[in-house]
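Notes follow the structure.
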Amino acid sequence: PGFVEDENGNLYKESDLPKAGRGASTPRGYGGAVMQGRPINSLPEFKQRVARNESGGNYGAVGPVIPSGKYKGQVALGKYQVMEGNVTPWAKKYLGINVTPLQFYRDPALQEALMDAKFLADKKKYGTWENVASVHFTGAPYNPKTAHKIRDVNITNKEYVARLMR
């Protein structure tokens, strides 16, 4: 009792799963981002924008191997393109469970649960959806003075945050 087993045999503490994972509605009203375009007023809306931008909503997406830097040799996994080196520590911190990158990749419900917890924690800590977007992309809150300088292979942080805020 108190644990949920998925179709792959992975166990999760039921109390750690977000309500959306148990059939109830996801908390709403975490809004206010108005950098440009339409404001983001909820976690589901924010997640939809991240998923659209990162993977087109594909739980099975795998990014290219990172050639250098902190994540050298790693790939981004799943619908929200989480770097494989972040999966295990984030799952432990935000869900209180041990998860491998492969388990995360194979389990859409786990991808949703982990990102619900992570994005809500970041929203509480950093205050705006712009900051949450920047933290997802760079690990740091949005800074308009440096956002045009921080980039991955394809896009700057300024462009990434702007895409999510439209």
Side-chain angles (χ1 to χ4, degrees), residues 3-28 30-31 33 37-38 40-67 69-124 126 129-139 152-155 157 159-166:
F3 288 90
V4 176
E5 183 175 341
D6 68 12
E7 64 274 7
N8 297 317
N10 299 310
L11 289 177
Y12 308 101
K13 286 197 268 180
E14 186 173 0
S15 62
D16 287 340
L17 291 174
K19 290 181 182 178
R22 296 193 302 260
S25 63
T26 301
R28 309 207 35 95
Y30 298 93
R38 201 166 46 85
I40 295 175
N41 293 310
S42 67
L43 174 63
E45 185 176 357
F46 179 77
K47 286 174 57 186
Q48 179 183 26
R49 291 185 191 193
V50 172
R52 178 186 66 219
N53 191 67
E54 292 286 356
S55 69
N58 180 4
Y59 289 108
V62 178
V65 176
I66 303 301
K70 178 180 177 179
Y71 297 106
K72 181 179 181 177
Q74 296 185 32
V75 296
L77 300 171
K79 184 176 178 179
Y80 303 99
Q81 292 291 278
V82 175
M83 295 308 300
E84 61 185 299
N86 290 332
V87 170
T88 301
W90 287 1
K92 189 67 169 172
K93 179 177 182 177
Y94 297 107
L95 300 177
I97 60 176
N98 290 316
V99 172
T100 67
L102 184 58
Q103 289 171 318
F104 174 80
Y105 173 73
R106 289 181 172 169
D107 188 341
L110 179 56
Q111 290 183 36
E112 295 296 337
L114 181 56
M115 297 318 296
D116 281 351
K118 174 73 166 100
F119 288 149
L120 285 175
D122 288 347
K123 178 67 166 70
K124 183 176 181 181
Y126 299 108
W129 290 117
E130 289 95 348
N131 283 337
V132 177
S134 180
V135 168
H136 185 64
F137 187 71
T138 70
D152 69 5
V153 177
N154 302 308
I155 190 172
N157 187 41
E159 293 165 328
Y160 181 85
V161 172
R163 279 186 189 178
L164 293 189
M165 297 302 117
R166 316 182 206 180

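This is a predicted model, so every value here is computed, not measured. Heavy-atom basis, side chains included; hydrogens, waters and symmetry copies ignored.
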Subject >> salt bridge (Lys or Arg N to Asp or Glu O under 4.0 Å) contacts touching residues 76-90 (sequence neighbours left out) >> reply: Lys79-Glu112
Original post:
With a 4.5 Å limit on heavy-atom distance, are the side chains of Arg49 and Ile40 in contact?
Top reply: yes
Original post:
Glu130 pairs by side chain to side chain contact (heavy atoms under 4.5 Å, CB included) with which of Leu164, Val161, Val135?
Top reply: Val161
Original post:
Are any of the side-chain nitrogens in Glu159 or Arg163 under 4.0 Å away from the carboxylate oxygens of its partner?
Top reply: no
Subject >> Residues Trp129, Asp122; criterion side chain to side chain contact (heavy atoms under 4.5 Å, CB included); working and verdict >> reply: CA-CA 9 Å; Trp129 290 117; Asp122 288 347; over 6 Å; no
Original post:
Closest approach of Phe46 and Ala133, non-hydrogen atoms and distance?
Top reply: CZ-N, 3.7 Å
Original post:
For the ring pair (Phe, Tyr, Trp, His ring centres under 6.0 Å) test, which of Trp90, Tyr80, Phe119 pairs with His136?
Top reply: Phe119
Which pairs of donor and acceptor atoms, one on a side chain in residues 71-78, lie under 3.5 Å apart (sequence neighbours left out)?
unit_1: Tyr71; atom_1: OH; unit_2: Asn86; atom_2: OD1; d: 3.4
unit_1: Tyr71; atom_1: OH; unit_2: Asn86; atom_2: ND2; d: 3.2
unit_1: Gln74; atom_1: OE1; unit_2: Gly85; atom_2: N; d: 2.6

Original post:
Distance from Arg52 atom CZ to Asn58 atom CG, nearest 0.5 Å?
Top reply: 15.5 Å
**OP:** For the pair Tyr160 and Glu54, evaluate side chain to side chain contact (heavy atoms under 4.5 Å, CB included) and give the outcome as yes or no after the intermediate values.
**Re:** CA-CA 10 Å; Tyr160 181 85; Glu54 292 286 356; 2.6 Å; yes
Original post:
Could you go step by step and tell me if Gln81 and Val50 meet the side chain to side chain contact (heavy atoms under 4.5 Å, CB included) rule?
Top reply: CA-CA 9 Å; Gln81 292 291 278; Val50 172; over 6 Å; no
Original post:
Looking at Ser134 and Asn157, what are the two nearest heavy atoms and their distance?
Top reply: OG-ND2, 3.0 Å
Subject >> Tyr105 side chain to Gly60 backbone, donor-acceptor under 3.5 Å >> reply: yes
**OP:** Please assess Leu95 against Leu114 for the test side chain to side chain contact (heavy atoms under 4.5 Å, CB included), listing each intermediate value before the final yes or no.
**Re:** CA-CA 7 Å; Leu95 300 177; Leu114 181 56; 4.0 Å; yes
Subject >> Smallest separation among heavy atoms of Thr88 and Pro101, with atom names >> reply: OG1-CD, 3.9 Å
